[in-house]
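Protein chains get the first letters and strands the later ones, always in sequence-line order, with residue 1 at the start of each.
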2 protein chains.
Amino acid sequence: MNISTLCLGILALGEASGYEIRKRFEGPFRHMHEPSFGSIYPALAKLTRDGMVSCTVHSQEKRPSKKVYSITPAGRLALRQELESALPGPDRIRSDFLVTMLFSDILSPDFIDAAVTERIAFYNELGAVLQSNECGGNAGREFVRGYGMAVCRAAVEYLETVQRSTQDRETLTAA
Amino acid sequence: MNISTLCLGILALGEASGYEIRKRFEGPFRHMHEPSFGSIYPALAKLTRDGMVSCTVHSQEKRPSKKVYSITPAGRLALRQELESALPGPDRIRSDFLVTMLFSDILSPDFIDAAVTERIAFYNELGAVLQSNECGGNAGREFVRGYGMAVCRAAVEYLETVQRSTQDRETLTAA
DNA sequence: ACGGACATGTAACACGTTACATGATTAA
DNA sequence: TTAATCATGTAACGTGTTACATGTCCGT
């Protein structure tokens, strides 16, 4: 899924400026994508050239003016066609944490323990952000929110179980 | 986590050829990384130049010879230093499925249903692969295996719940 | 005879990030 | 006055994928 399609999708849910599109991915969906301005602005420019979105400049007081983009009927059609052209491909989890854990045999137990503890905090916080985000919108957002929460819960549960069993083993060794 | 570190880590768990490294990511860990030959071979060449791994050519009968790489003490040290230099960064889930679902409002219900059904099958299969993979190795593999299974279970559970509630709603509408 | 597994490698390409460039307003 | 937020945009760079190039052996 390229940034262009992502922007088009966001605009299908409501008009926004490039800056605002970025902001939408700083909240509950930051674990999915965090596109940079360097990719968003060129994408919006191209979408405009291709007639997928239209752009209006909004002047603001005490703020720089912003370019608000709206999806056009052609853009909506193109988005549908692209998304429905094939079932979505497999998910890929880019996790330095899991890779690190995969090689845990050659790392120090203290480091591993710190990494697990940090990751529990990470997923607890993500879960909390998702929960607090309340039904702030459409069915799609609700689905993704629920999915994220389910996965966060499962991750924390697993990590805590592993950590407890590690601590038990240490207590046993110490005794 | 770049391919170079990934290769080094794999070699820390045992010697392998470039082709074999690729194979290791076709099994239970294919949801994490699926590095291409075009990235593995140059990475191994560079690791060799840098003295991180050593390379021996194994001639085989009825098969092309292969270059088997082994991690060197320097490589093991470098790997530890790199991994322990900082706690792993946040996980990122690249999921065309979730992005599609996020925009489900403008897509056909049939397509959404098909996508969910397919994804349930996907995670059921991944869960099965992880389960069948048995304690085939070190503690790290076991951890990642367990983590993957927990997440798969949670995903399938959530998806099935959503699908059931959608079907209920349809039954209600039809009645 | 043809496709697939084994096996390695290079070159072109796509894509996104980081850094740079600019500039106003506001809170500490 | 220093940093942060708002706001847009370009250029250089890094990293990985796809396609290409080559060759054997095996099953059908």
Let me know the distance between CZ of A:Phe37 and P of D:dA7, rounded to the nearest Å.
10 Å
A:Tyr69 has its side chain closest, among D:dG9, C:dG16, C:dC6, to D:dG9
Of the listed nucleotides D:dT5, D:dG9, D:dG16, the one nearest the side chain of A:Lys67:
D:dG9
Using a 6.0 Å distance limit plus a 45 degree cone around the ring axis, check whether B:Arg24 lies over the aromatic ring of B:Phe29.
no
Let me know the distance between CG of B:Leu47 and C1' of C:dT8, rounded to the nearest Å.
16 Å
Considering non-hydrogen atoms only, spot the tightest contact between A:Leu98 and B:Val144 and give its length.
O-CG2, 3.5 Å
Between C:dG23, D:dG16, D:dT18, spot the one nearest the side chain of B:Ile3, thanks.
D:dG16
Could you check which of D:dT5, C:dG16, C:dT8 has an atom nearest any side-chain atom of A:Tyr19?
D:dT5
Write down the distance between NZ (B:Lys46) and P (D:dG14), rounded to a whole number of angstrom.
12 Å
At under 4.0 Å, does any side-chain N or O of A:Ser36 touch on OP1 or OP2 of C:dT17?
yes
Within the pair A:Gln60 and D:dA7, is there a side-chain N or O less than 4.0 Å away from OP1 or OP2?
yes
Without decimals, in angstroms, what is the distance between A:Ile40 CD1 and C:dC15 C1'?
14 Å
Heavy-atom closest pair (B:Ser65 atom, B:Val57 atom, distance to 0.1 Å) is CB-CG1, 4.0 Å
Measure from the side-chain heavy atoms of B:Pro64 and tell me the nearest of C:dT17, D:dC6, C:dA7.
C:dA7
To the nearest angstrom, the CE-P distance between A:Met32 and C:dG16 comes to 14 Å
Between D:dG16 atom P and B:Tyr41 atom OH, what is the distance in whole Å?
17 Å
With a non-hydrogen cut-off below 4.0 angstrom, is A:Glu20 in contact with a base, only sugar-phosphate, or nothing?
nothing
Pick the closest DNA chain D nucleotide for A:Lys66 and for A:Pro42 by heavy atoms, then say which residue is nearer the 5' end.
A:Lys66
Can you see whether A:Tyr19 has A:Arg22 sitting over its ring - NZ or CZ less than 6.0 Å from the centre and within 45° of the normal?
no
Over how many whole Å does the gap from A:Arg22 atom CZ to D:dT5 atom P extend?
12 Å
Report the nucleotide, chosen from D:dC26, D:dT5, C:dT8, that has the shortest atom-to-atom distance to any side-chain atom of B:Lys62.
D:dC26
Would you call A:Arg30 and A:Glu26 a salt bridge, taking side-chain N to carboxylate O under 4.0 Å as the test?
no
Regarding B:Asp50 and B:Lys46, does a basic nitrogen lie under 4.0 Å from an acidic carboxylate oxygen?
yes
Give a yes/no answer on whether the side chain of B:Lys23 brings an N or O atom under 4.0 Å of OP1 or OP2 in C:dC6.
yes
Which of the following nucleotides, D:dG16, C:dT10, C:dT17, is nearest to the side chain of B:Asn2?
D:dG16
In terms of the nearest nucleotide of DNA chain C, which residue is placed more toward the 5' end: B:Ala45 or A:Glu34?
B:Ala45
Which whole-number value in Å describes the distance from A:Ile21 CD1 to D:dC6 P?
15 Å
